[in-house]
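See structure below.
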Amino acid sequence: MNDPGEIRVSDAEREAIVERLRVASVEGRLTLGELTERTEAAYNARTQAELAVITSDLPGGHPAPVPAYRPPPPERGQVRRWFVAVMSSSKRRGSWRIDKPLGAVAVMGDVLLDLRQAEVRTGGVVDIMATAVMGNVKIIVPDGVDVELDGIAVMGDKKVQVIEAPPGTNAPLVRVTAYVLMGDVKVVGDSKTKPLKKAIAAWRKQWDELRELTGEYGHQTGPGYHHLHPQHPQHPQHSHPHTPQWPPAPPQPPHPPQPPRY
């Protein structure tokens, strides 16, 4: 009889866990970075034991599968939380709460919004209106989120430098509407900026131990490994030449003994 924890999971069970993670994010239990990481791990999980580890530190049981919910675009005139820099700078990083749409205005100045440790209380969707007039707006997100960048740029630039989630996954969404005049609006991920120093979560350690026990580290090294873009700094092609290989190379046979010389 099979161990219940070794039973393979279905797509419906994965989607149910992703929705549970989204609810935990709305409740303030997960940051955007944690939500993105665990969502990716849920889609890579193969057994019920691996899914259970991902939500082991969250309350509640397994919810029934429900359709993914995406809030509609904010209505015109909806209240936003604004970050404004006029010939100055405005920065928001670290732990903070996002419970409404955001607005960023840079006039001959700089605005920096780091969303990686933010608590997203808007259902896994962050809506940002960014205006740059001879200034710069930089938005930092965890790699693995979906990014929608729309708007207009006149004698300026708007671009995305993020390793996004694989197609078909219900990853967190960052929706940016940019209006640029002789300035820049950029959305960048961990691979294009200084990565955060994050402590290893208990669930991740258990997750990795399960993967190691099932012998799957010969093909990947953790959640989302096989989805990494070739330009990602953790991709195998960027490993140091002296880094030990995994799996290790087989031992070479010893040289045959040489006959004694007289």
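We're numbering straight along the sequence, starting at 1.
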Between E40 (side chain) and E37 (backbone), is there a donor-acceptor pair under 3.5 Å?
no
Within the 4.5 Å heavy-atom criterion, are [X] and [Y] side-chain neighbours or not?
X	Y	result
K158	L149	yes
V145	L173	no
Y43	V18	yes
L32	P172	yes
M108	S88	no

So, are R80 and D127 salt-bridged, with charged N and O less than 4.0 Å apart?
yes
Using the side-chain contact (heavy atoms from CB on, under 4.5 Å) rule, pick out the option among V120, I17, N170 that qualifies with R22.
N170
Search all heavy atoms of [X] against all heavy atoms of [Y] and return the closest pair with its distance.
X	Y	value
L112	R93	CD2-NH2, 2.9 Å
D184	N136	OD2-OD1, 3.0 Å
R116	I140	NE-CG2, 3.4 Å
L115	I128	CD1-CD1, 4.1 Å
D190	D143	N-OD2, 3.2 Å
D57	R38	OD1-NH1, 2.8 Å

Residues forming a side-chain hydrogen bond (donor to acceptor under 3.5 Å, both in side chains) with D11, sequence neighbours excluded:
R14
Transitive ILVMFWY side-chain link W96 to V111, under 4.5 Å
yes
Taking a hydrophobic cluster as the set of Ile, Leu, Val, Met, Phe, Trp and Tyr residues connected by side-chain heavy atoms closer than 4.5 Å, whether directly or through intermediates, do V137 and V160 fall within one such cluster?
yes
